[in-house]
Protein chains: 2
Amino acid sequence: MRIEDEIKQKKFKSEYQKMYINLVYTANRLNTQQMRMFKEFGLSVQQYNILRILRGQVPTAINLGLIQDRMLDKNSNASRLIEKLKIKKLVERKESKIDRRQVDIMITEKGLDLLKKMDGKVEEAELIDSNLTKQEAETLSDLLDKLRG
Amino acid sequence: MRIEDEIKQKKFKSEYQKMYINLVYTANRLNTQQMRMFKEFGLSVQQYNILRILRGQVPTAINLGLIQDRMLDKNSNASRLIEKLKIKKLVERKESKIDRRQVDIMITEKGLDLLKKMDGKVEEAELIDSNLTKQEAETLSDLLDKLRG
DNA sequence: TTAATTTATTTGTACTAACATATAATACAA
DNA sequence: TTGTATTATATGTTAGTACAAATAAATTAA
């Protein structure tokens with residue numbers, strides 16, 4: 001369905017504005033879908049995001065600042081998110097030996113198991129939701145890069 | 001900057017996943033920018049969104065359900081957002097004559113003035129932020145429509 | 001017409017985000 | 001070295017989101 005119909009707005013000030021609104025609207029929808037999927041597994045979108053980042057680093061521990069750099073939502077509070085994950089025993093946290101201000105974080109076996117359980121579903125959702133060809137996905141990605149400048 | 005560099009992730013499982021991540025990341029950034037801009041004027045993104053919808057209806061009042069339909073973020077709580085706008089005297093709320101369950105909402109003069117003051121800045125931000133040609137903006141919008149299915 | 005169902009809106013609650021400030025460790029300069 | 005600035009993380013606060021449940025009016029069916 002075209003964005004005009006989704007939000008029942010016929011006219012836009014410009015192509016830019018239309019694209020802009022379309023982008024925000026689409027991302028909101030994807031985000032809501034993701035949230036609902038992750039909820040089954042007891043995770044928020046950002047918690048999942050952090051676990052994925054940590055898995056990419058195994059077997060190395062990574063400090064909180066680096067996690068924040070890699071997060072999709074730079075504004076979410078990594079410190080508190082990690083705390084939640086620790087309570088669920090999905091990550092471990094320990095003081096860095098080099099710099100005592102830093103906290104090194106590592107995903108646990110339990111965390112890895114959870115991600116493994118989720119992988120299939122996540123990939124499926126990403127693929128099914130995306131009604132694009134591989135080429136179109138590439139073009140879209142390139143345009144987004146260009147948009148951000 | 002390419003998404004790989006933005007989030008320091010070299011590999012993606014697929015073009016789909018990369019596009020997906022890029023979309024969420026880009027929308028988050030736009031959203032943060034918008035939020036900061038609107039804050040100057042004492043509005044949240046969704047409050048602004050509602051005012052814009054109401055301006056589109058002038059001089060007709062529109063009920064809460066219709067506003068919700070047109071909102072970019074369907075999850076935000078229109079009822080409470082309207083309450084905030086009413087406190088600032090940017091909108092008026094009155095019981096519908098046809099159906100007493102419904103609440104008709106209309107933007108006030110003060111609301112229209114505020115939007116007018118904001119128009120220039122908003123448009124400027126949309127244009128400057130977007131490093132795309134008109135044609136590219138159109139393609140991007142079409143791909144997003146297709147993505148949502 | 002009365003009871004049951006549906007619809008529109010509000011409200012309660014828990015959780016997350018946004019942002020400022022605090023705390024503590026390290027680096028750097030005088 | 002000693003004070004000052006900087007950096008890493010944590011925490012307090014306010015507002016917004018997600019979703020369920022409450023309320024109340026309108027619609028439909030018996």
Assert: residue with more 5' nearest nucleotide on DNA chain C, out of Asp73(A) and Lys97(A), is Asp73(A)

For the NZ atom on Lys88(A), are there more than 12 heavy atoms of other groups (residues, nucleotides or ligands in this structure) within a distance under 6.0 Å?
yes

In whole angstroms, the gap separating P of dA17(C) from CD of Gln34(B) amounts to 18 Å

Examine dC19(D): is either OP1 or OP2 under 4.0 Å from a nitrogen or oxygen in the side chain of Lys39(A)? Give yes or no.
yes

Under 4.0 Å between a side-chain N or O of Arg101(A) and OP1 or OP2 of dT23(C)?
no

Could you state the CG-C1' distance from Leu66(B) to dA8(C), rounded to the nearest angstrom?
11 Å

What is the distance, to the nearest angstrom, from the CD1 atom on Ile50(A) to the C1' atom on dT16(C)?
12 Å

Upstream residue (5' side of DNA chain D) when Asn63(A) and Asn31(A) are each assigned their closest nucleotide:
Asn63(A)

Between Gln47(B) and dG16(D), does any side-chain N or O lie under 4.0 Å from OP1 or OP2?
yes

Between Glu6(B) and Arg148(A) (salt bridge meaning N to carboxylate O under 4.0 Å), is one present in this structure?
yes

Between Ser96(B) and Asn63(B), is any side-chain donor less than 3.5 angstrom from a side-chain acceptor?
no

From dA25(D), dT17(D), dT10(C), pick the nucleotide closest to the side chain of Arg100(B)?
dA25(D)

Pairwise 5' ranking along DNA chain D for Thr32(A) and Arg80(A), keeping only the more 5' one:
Arg80(A)

In whole Å, what is the span from the CG atom of Asp99(A) to the P atom of dT7(D)?
12 Å

Once you round it to whole Å, what is the distance between C1' of dA17(C) and CG of Leu81(A)?
10 Å

Please state how far atom CG in Asn28(B) lies from atom P in dA17(C), giving the value in whole angstrom units.
9 Å

Please determine, by modelled atom types, if Asn22(A) and Asp145(B) share a side-chain donor-acceptor pair under 3.5 angstrom.
yes

Is the shortest side-chain N/O distance from Arg93(B) to OP1 or OP2 of dT9(C) below 4.0 Å?
no

Rounded to the Å, how far apart are Gln102(A) CD and dA25(C) P?
14 Å

Compare side-chain N and O positions of Lys74(A) against OP1 and OP2 of dA18(C) and report whether any pair is under 4.0 Å apart.
no

For Ser96(B), report the nucleic acid contact type (base, sugar-phosphate, nothing); a contact means any heavy atom under 4.0 Å.
nothing

With the side chain of Leu64(B) defined as its heavy atoms from C-beta on, choose the nearest nucleotide among dT17(D), dT9(C), dA18(C).
dT9(C)

Could you check how far CD of Glu83(B) sits from P of dG12(C), rounded to whole Å?
12 Å

Proximal nucleotide (of dT10(C), dG16(D), dT26(C)) relative to the Val103(B) side chain:
dT10(C)

Indicate whether any N or O donor in one side chain lies under 3.5 Å from an N or O acceptor in the other, for Tyr48(B) and Arg52(B).
yes

From the list dC19(C), dT10(C), dA25(D), which nucleotide is the closest neighbour of the side chain of Ser79(B)?
dT10(C)

Once you apply a heavy-atom cut-off of 4.0 Å, does Gln46(B) come out as touching a base, just sugar-phosphate, or nothing?
sugar-phosphate

Given dT26(C), dT10(C), dA18(D), the nucleotide with the shortest approach to the side chain of Met35(A):
dA18(D)

Asn75(B) side chain N/O closer than 4.0 Å to the phosphate oxygens (OP1, OP2) of dA18(D)?
yes

Given that Leu43(A) and Asn77(A) both sit by DNA chain C, which one's nearest nucleotide is further toward the 5' end?
Leu43(A)

Can a salt bridge be assigned to the pair Lys11(B) and Glu4(B) using a cut-off of 4.0 Å between side-chain N and carboxylate O?
no

